[in-house]
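Throughout, residue positions are numbered sequentially from 1 according to the sequence presented. Order of appearance sets the numbers: ligands from 1, and atoms from 1 within every ligand.
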Amino acid sequence: MSPADGPVRIDVPTPSRGYTVTIGDRTLDGVGHALDLLGAPARRFIVSSPLVWRLHGPQLARSVPAAEPILVPDGERYKQLATVSRIYDALLRANADRAATLITFGGGVVGDMAGFAAATYLRGIALAHVPTTLLAQVDAAIGGKVGVNHAVGKNLIGSFYQPHAVFIDPMVLGTLPRREFRAGLYEVIKYGMTSSPALFERVARDRKAIFARAPEALTPIIAQSCRIKADIVGADEREAGLRRILNFGHTAGHAIEAITKYRRYRHGEAVGYGMLVAAELARARGALADRDAKALADLVASLGPLPPIADLSAGPIIESMQHDKKVSAGKLHFVLPTAIGATTIVDDVTEPEIRGALKRVGFGK
Ligand SMILES: NC(=O)c1ccc[n+]([C@@H]2O[C@H](COP(=O)([O-])OP(=O)(O)OC[C@H]3O[C@@H](n4cnc5c(N)ncnc54)[C@H](O)[C@@H]3O)[C@@H](O)[C@H]2O)c1
Ligand SMILES: [Zn+2]
């Protein structure tokens, strides 16, 4: 795919609002014009972090004339109501009324927090996401989940609030630290495992060009990921059924993040391990061919070494899984792969099975 092909457009047909994701080089330059065409209110606020604003703000500001920036810190520990309050304060100080559009410009933390502010300020103002991390481009910006963390746990306060548009420019990934970039790639592999052998194979095949951040290698994997997420959230906006397959790798992944207090692993890295654990569980049950489990392990390994886990023991991981909010009616749900591109959801995984899988993936006793 060359830039001459023009941007890729993907429709997200959720019942609460349909919108389009635009993906392509220099998408950033067309944000203001695209919002005008959509009839998005003309007073525009951009919520970003100081770092992202310094790196890419001037380019976005050229495309959204007279936009008013609101800068907030974006580490995971700032993803809390106090930061959302700062966004409300800025909007109130500027006398923003309902005829305002809020544009989020940053990673998933900024998108989730500012999206929540847009959902709740005056009971909801127009929202557009311009995600700047690979993880936010393939995942957080699509599907309408917005919210913040609570001291008790991640993402406990929030809402579903679909944006009016999403603009994805792969060029901004050029400044993303390598570790953040890789973290997003594990989520791309997740989509391949749940829904698309073609995407899975493309990551393996184009790995070098992807790591070189070549737009012609990035655009197709971002677009395929977005298409999969768009189809799934279009069919199941509020995660009543199908959308749960996107939790593949997240049951163990969330537990690994939680027991290390969200400090040691990037979310995507924990999902990398979580996918290996789920694949091991499936393989041991005879639900996944050895060949496919090995293909996943090889692809995950090909992205580079994940941070060590040998000092993490099974007990706390299993205990944390029981607390996971996806425990419904006392049952722990696991999304297990049955092939590359196919999954099944089970609720009868036993503790010894989990222990065995964790051990084989390399966790301590
Ligand atoms: N809403 C959803 O459906 C959904 C889905 C997945 C994840 N999330 C949420 O997303 C968050 C994680 O998002 P993330 O991985 O993007 O992390 P992040 O937002 O913390 O960003 C990671 C780091 O990258 C920096 N950064 C962002 N863009 C950059 C760029 N172009 N160049 C250089 N640096 C840049 C940021 O300043 C930050 O330090 C979590 O809070 C998670 O809960 C939400
Ligand atoms: Zn995830």
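Contacts with ligand 1 closer than 4.0 Å are made by side-chain heavy atoms of L51 only, the backbone lying farther away. The proximity of K229 to ligand 1, defined as any non-hydrogen pair under 4.0 Å, is limited to the side chain. Only side-chain heavy atoms of N155 come within less than 4.0 Å of ligand 1; its backbone N, CA, C and O stay farther off. With a 4.0 Å heavy-atom cut-off, ligand 1 is reached by no atom of L173. Residue-level proximity to ligand 1 for V146 is absent, since no heavy atom of it falls below 4.0 angstrom.
Contact of the R26 side chain with the P215 side chain is not registered, since no non-hydrogen atoms from C-beta on lie closer than 4.5 Å. Side-chain contact check for R264 versus E269: every heavy-atom pair is 4.5 Å or farther apart. Looking only at side-chain heavy atoms (C-beta outward), S195 and I245 come within less than 4.5 Å of each other. When side chains are defined from C-beta on, L296 does not count as touching L288, because their heavy atoms never get closer than 4.5 Å. Considering only heavy atoms from C-beta on, Y186 stays 4.5 Å or farther from L135 through its side chain. For the pair L306/Y265, no side-chain contact is recorded, criterion being any heavy-atom separation below 4.5 Å from C-beta on. Looking at heavy atoms from C-beta onward, V172 lies out of side-chain contact with V130 at the 4.5 angstrom threshold. Residues K145 and E239 have side chains in contact (heavy-atom distance under 4.5 Å, counting atoms from C-beta outward).
Looking at R77, K145, E257, H129, it is K145 that brings a heavy atom closest to atom 1 (N) of ligand 1.
Partner Y19 forms a side-chain hydrogen bond (donor to acceptor under 3.5 Å, both in side chains) with one of Q162, H129, H164 and no other, that one being Q162. Evaluated for a side-chain hydrogen bond (donor to acceptor under 3.5 Å, both in side chains) with N149, the options R77, Q80, E76 yield exactly one hit, E76.
For the atom pair CG (L28) and CD1 (I168), the distance works out to 11.5 Å, reported to the nearest 0.5 Å. Interatomic distance, S63 OG to I103 CD1, rounded to the nearest 0.5 Å: 7.5 Å. Here CZ of R207 is found 10.5 Å from CG of L185. Values are rounded to the nearest 0.5 Å. From L218, atom CG reaches atom CG of L134 across 7.0 Å, with rounding to the nearest 0.5 Å. For the atom pair CG (D347) and CG (L332), the distance works out to 9.0 Å, reported to the nearest 0.5 Å.
For a threshold of 3.5 Å applied to N or O pairs, the pair formed by V110 and ligand 1 contains no separation below that value. The shortest N or O to N or O distance between R266 and ligand 1 is below 3.5 Å. The N/O atoms of V172, backbone and side chain alike, include one that comes under 3.5 Å of an N/O atom in ligand 1.
Annotation: atom 29 (C) of ligand 1 to nearest protein heavy atom, L176 CD1, 3.5 Å. Nearest protein heavy-atom contact of atom 2 (C) of ligand 1 is A140 CA, 3.5 Å. Closest to atom 28 (N) of ligand 1 among all protein heavy atoms lies T132 OG1, 2.7 Å. Counting only heavy atoms of the protein, atom 10 (O) of ligand 1 lies nearest to G108 CA, 3.3 Å. Looking only at heavy atoms of the protein, atom 37 (O) of ligand 1 is closest to D74 OD2, 2.4 Å. Scanning all protein heavy atoms for the shortest distance to atom 18 (P) of ligand 1 gives V109 CG2, 3.9 Å. For atom 9 (C) of ligand 1, the closest non-hydrogen atom on the protein side is D112 OD2, 3.4 Å. Shortest contact from atom 16 (O) of ligand 1 to any protein heavy atom: T133 OG1, 2.6 Å.
Within the listing of ligand 1, atoms 40 (C), 41 (O) sit less than 4.0 angstrom from a heavy atom of E76. The D139 neighbourhood of ligand 1 comprises atoms 5 (C), 6 (C), with distances under 4.0 Å to a heavy atom of that residue. Per-residue contacts place L55 under 4.0 angstrom from the following atoms of ligand 1 (heavy atoms of the residue considered): 32 (N), 33 (C). Of all the atoms in ligand 1, the ones that sit under 4.0 Å from a non-hydrogen atom of K79 are 9 (C), 40 (C), 41 (O), 42 (C), 43 (O). Atoms of ligand 1 found under 4.0 Å from any heavy atom of L135 (numbered from 1 in listed order, with element): 7 (C), 10 (O), 12 (C), 13 (O), 14 (P), 15 (O). Residue contact check: H56 has heavy atoms under 4.0 Å from atoms 31 (N) of ligand 1. Listed by number with element, the atoms of ligand 1 under 4.0 angstrom from any heavy atom of T175 are 30 (C), 31 (N), 32 (N), 33 (C). Close contacts of ligand 1 with V52, meaning ligand atoms under 4.0 Å from a residue heavy atom, involve 26 (N), 27 (C), 28 (N), 29 (C).
Heavy atoms of E180 approach ligand 1 to within less than 4.0 angstrom.
In the model, T120 has a side-chain atom that pairs as donor or acceptor with a side-chain atom of Y88 under 3.5 Å. For the residue pair T175/H56, the side-chain donor-acceptor check at 3.5 Å is satisfied.
Aromatic ring centres of H250 and H333: separated by at least 6.0 Å.
Here 3 is the count of protein N, O or S atoms positioned under 2.8 Å from the Zn ion (ligand 2), waters not counted.
For the pair R182 and F211, the cation-pi test (distance below 6.0 Å, angle within 45°) is failed.
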